[in-house]
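Beneath this line is the structure, given in structure tokens, with notes to follow.
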Amino acid sequence: MRRITPTAVIKPIMRREGSLGVKRFGRSRRGPVLAKAGLSLYQDAAQTLRKEWYG
């Protein structure tokens, strides 16, 4: 099994945030937390998936 490093996950997210000009995640001592835009994205995605799965 291949291991994925935190840096391998964080770098693409930070690049995308920079290109969009929107922060989806904040960083705290305990790790990443959803920023306002990230929470909005999560809610929209969850709603879309619920509609697809449950009609």
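FYI, side chains are in, hydrogens and waters are out, and symmetry mates aren't considered; it's all heavy atoms of this structure.
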Straight-line distance of Met14 CE to Lys23 NZ, nearest 0.5 Å
5.5 Å
Among Ile, Leu, Val, Met, Phe, Trp and Tyr joined by side-chain contacts under 4.5 Å, find the other residues sharing a cluster with Val9 and list them by chain and number.
Ile4, Ile13, Phe25, Leu34, Leu39, Tyr42
Can you see which heavy atom on Pro12 is nearest to which on Thr7, and at what distance?
CD-O, 4.3 Å
Taking salt bridge (Lys or Arg N to Asp or Glu O under 4.0 Å) as the definition, give me every residue that meets it alongside Arg27, ordered by chain and number, with sequence neighbours left out.
Glu17
Would you check if the side chain of Thr48 reaches a backbone N or O of Asp44 as a donor-acceptor pair within less than 3.5 Å?
yes
For Arg3, check side-chain contact (heavy atoms from CB on, under 4.5 Å) against everything at least two apart and list the hits.
none
